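Heads up, the thing below is written out as structure tokens.
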Amino acid sequence: MNDLRFMELVSNWLDGSLTETESAELQAVLESSADRRSEFVDVCGLDADLRLMSDVVIETPVGAESRRAPAGANGMRAVGWLGLVAAIAAVLLLAIGYGIGRDRKGDAEQQIAASEVASGESDEVVESGCAVLSRVVDAKFAGDVQYREGDSLQPGQFKLLSGAVQIDFFSGATMLIDEAADVNLVSSWEAECAHGKVTMHVPAPAIGFHLTLPGMKVVDLGTEFAVQVDGAESSLHVFDGEVEAHVPGSQMQIIREGSSLKKSTDLPVVAGVSKPADFPSVEEFERRKEEYYQTKTKQWRAAMNTVRSDERIIGCYQFRRWEDEKWDRLVNNFAIPKRLYSHGSAVGARWVDGRWPTKSALEFKSPGDRVRINLGKDKYDGLTMAAWIRVDGLDRKYNALLLSDGYEDGEPHWQIDKSGRLMFSVSYMRFAPSSGQQFDPYRQDQVFYSPKVVNSDGRRWHHVAVTFDAVVGEAVQYFDGKEVSREVSEHHLGDRKVTFGPCAIGNWGLPIEGVPFPVRNLNGRVDEFLIYKEPLTGDEIANLHELGIPN
């Protein structure tokens, strides 16, 4: 079959006009020719790209007219084979320097990322990764890198020492890795396995995904398969659908469901039967995940018994959801001894998964979402606040962690500003106002800022803490167990105390009728909030962080 006829059949298939006779003709040529199958996958991928770009105006060189990418297969069909190649090449080269064919997808993605970063014309956040680490179970990684669930993964080496992980590629393909493995993430459409066991699930949108092994290249046609690399031996096992196996020096083979292929250095290719039980599966992954997090929750609760018994703690909000609690709004204060009337009440916020699946949290999204607490008007020589939070967005000028209602004398405010800086302050009156007014010029507070440390980085949880010594006026702030700022107030005077009174976690205040309050609700989740009546040491903050690390 010549090129023109083949492209006519492919075009008819793409726009849904293929007749039964043409369908049989196309199927026959695809079954008989590996080159035609490869061309078919290439053109389908290009068609999808053109459809995505069809609404984007492409700027052409001076003297040329502006063009639009063809709307889809109908546009492709009209130009014929030579016109098709010219049109596709022109549009892709003008738009993003895109190479034709699946093997250039990684290059194109890198060029796009580089051009976006280099432009410098906008503060808009860009994504330069190729995948997301969607699940992590008791995993340890090589070097100093510590990945967490929800992290974006950049192209490059990904080395797992133990445990199990799931990687979701932006193309739609999913990879399960169990125990020690060495994988190179090339792009959204390609990876290389140098060592270990890997299971792949490739749905229809990710057809054409490449996985390269020593001595073998696998091109997926929409399937579930696994590979194992152990020294000089590589094997491929197909559990569902079919894949192309390319072995240097051999003709391409189609490996179908239930079959396997093994290649060793300098030895012939050996066909066999696939062995699903030897590879990581979704079912086994979920079983291990449940066992791991149940154990972790028990260990965490046991450790928290020591924390809640600390004589310095006045608020220990663990965000434990009680399934049999009728109103579903209770946020217990687990501090020992118990403090009457200090339990929290959730308003608007809904119960969700916390740092790990068997740990609960409250999610704050709407302007009214908050947890109301009241620790009374006792006065202290200092304080510590520490919380585990997940920030989904810095939507407000100030995003609340804990704010006292009226911000009266000695009361704290702890927030995150829009740029990602932790900010802490305590309100002090320079002298008692005669009219009861609580605002400037009577207030003399200082806002303590950290560097920019917080961002809305997917589903990653962070530990934040602040200590304040009212005796010397020093505030120290921490992020993930490490000190990030230390400062003494320039307004410090002796004999000043701190107090709490009515407060809101994740929001500001109970509005006084007729008096508007700025909206400062947190956009994210909180699943632990500790409050002490003294400043803890840096080592104690680091221990709290270590105690609660999610993975």
Side-chain angles (χ1 to χ4, degrees), residues 24 26-42 44-45 101-103 160 164 166-167 169 171-186 189-204 206-285:
L26 178 60
Q27 184 174 345
V29 71
L30 290 177
E31 289 180 351
S32 63
S33 172
D35 290 339
R36 289 303 192 197
R37 285 195 295 272
S38 182
E39 289 176 34
F40 179 75
V41 173
D42 285 341
C44 290
R102 293 168 297 173
D103 292 332
L160 180 69
Q166 176 176 319
I167 297 174
F169 289 86
S171 61
T174 297
M175 174 184 286
L176 289 181
I177 308 176
D178 192 6
E179 300 307 333
D182 189 354
V183 175
N184 182 38
L185 309 180
V186 179
W189 290 90
E190 184 174 358
E192 300 169 347
C193 181
H195 173 74
K197 293 181 179 181
V198 167
T199 299
M200 295 294 308
H201 172 65
V202 184
I207 286 176
F209 186 90
H210 292 181
L211 184 59
T212 302
L213 324 173
M216 189 186 306
K217 183 175 184 178
V218 179
V219 179
D220 185 85
L221 303 177
T223 186
E224 182 177 331
F225 68 93
V227 300
Q228 181 175 5
V229 178
D230 186 4
E233 183 175 285
S234 299
S235 62
L236 163 67
H237 301 252
V238 180
F239 307 143
D240 183 39
E242 57 185 34
V243 302
E244 293 180 1
H246 299 261
V247 177
S250 303
Q251 189 175 20
M252 185 278 293
Q253 298 184 52
I254 297 292
I255 310 301
R256 294 184 170 85
E257 178 180 344
S259 299
S260 69
L261 202 65
K262 183 168 67 175
K263 179 68 175 72
S264 300
T265 304
D266 300 328
L267 294 177
V269 175
V270 178
V273 177
S274 64
K275 300 178 180 179
D278 292 344
F279 294 91
S281 66
V282 172
E283 294 78 13
E284 176 65 15
F285 192 101

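Just so you know, these numbers come straight off a predicted model, no measurement behind them.
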Nearest 0.5 angstrom please: [X] [atom1] to [Y] [atom2], how far?
X      : Y      : atom1 : atom2 : value
Glu224 : His201 : CD    : NE2   : 7.0 Å
Glu190 : Lys217 : CD    : NZ    : 5.5 Å
Glu233 : Lys263 : CD    : NZ    : 10.5 Å
Asp182 : Cys193 : CG    : SG    : 8.0 Å
His246 : Gln253 : NE2   : CD    : 10.5 Å
Ile167 : Met175 : CD1   : CE    : 6.0 Å

(Q) Among residues at least two apart in sequence or on other chains, which ones pass side chain to side chain contact (heavy atoms under 4.5 Å, CB included) with Ala173? (A) Phe169, Ser171, Met200, Val202, Ala206, Phe209
If you look at every heavy atom in [X] and [Y], which pair is closest and at what distance?
X      : Y      : value
Leu261 : Ala271 : CD1-CA, 4.1 Å
Ala164 : Asp178 : CB-OD1, 3.9 Å
Leu160 : Glu179 : CD2-O, 3.2 Å
Ser234 : Pro214 : OG-O, 2.8 Å
His237 : Ser260 : ND1-CB, 3.6 Å
Gly215 : Val247 : O-CG1, 3.6 Å

Q. When you look at Val238 and Ser259, which way does the side chain to side chain contact (heavy atoms under 4.5 Å, CB included) test go after all the steps?
A. CA-CA 6 Å; Val238 180; Ser259 299; 5.6 Å; no
Q: Would you check if Ile254 and Glu244 make a side-chain contact, meaning some heavy-atom pair closer than 4.5 Å?
A: yes
Q: Decide side chain to side chain contact (heavy atoms under 4.5 Å, CB included) for Leu211 and Asp220; before the verdict, give the C-alpha distance in whole Å, the side-chain angles of both, and the deciding distance to 0.1 Å.
A: CA-CA 8 Å; Leu211 184 59; Asp220 185 85; over 6 Å; no
**Q.** Of all pairs that satisfy salt bridge (Lys or Arg N to Asp or Glu O under 4.0 Å), the ones with a partner from residues 248-260, not counting sequence neighbours
**A.**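 As it turns out, the salt bridge (Lys or Arg N to Asp or Glu O under 4.0 Å) pairs with a partner in residues 248-260, which skip direct neighbours, are Glu242-Arg256.
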Q.
When you measure from the side chain of Thr199 to the backbone of Pro280, do you find a donor-acceptor pair of N or O atoms at a distance under 3.5 Å?
A.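 Side chain of Thr199 to backbone of Pro280: a pair is present.
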Q | From CA spacing to verdict: side chain to side chain contact (heavy atoms under 4.5 Å, CB included), Leu185, Val183 | A | CA-CA 6 Å; Leu185 309 180; Val183 175; 3.9 Å; yes
Q: Give every residue pair that meets the side chain to side chain donor-acceptor pair (under 3.5 Å) criterion with at least one member in residues 271-280, sequence neighbours excluded.
A: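 Passing the test, one end in residues 271-280: no pairs.
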Q.
Given Val243, which partner from the list Leu221, Val219, Leu236, Val227 fulfils the side chain to side chain contact (heavy atoms under 4.5 Å, CB included) test?
A. Leu236
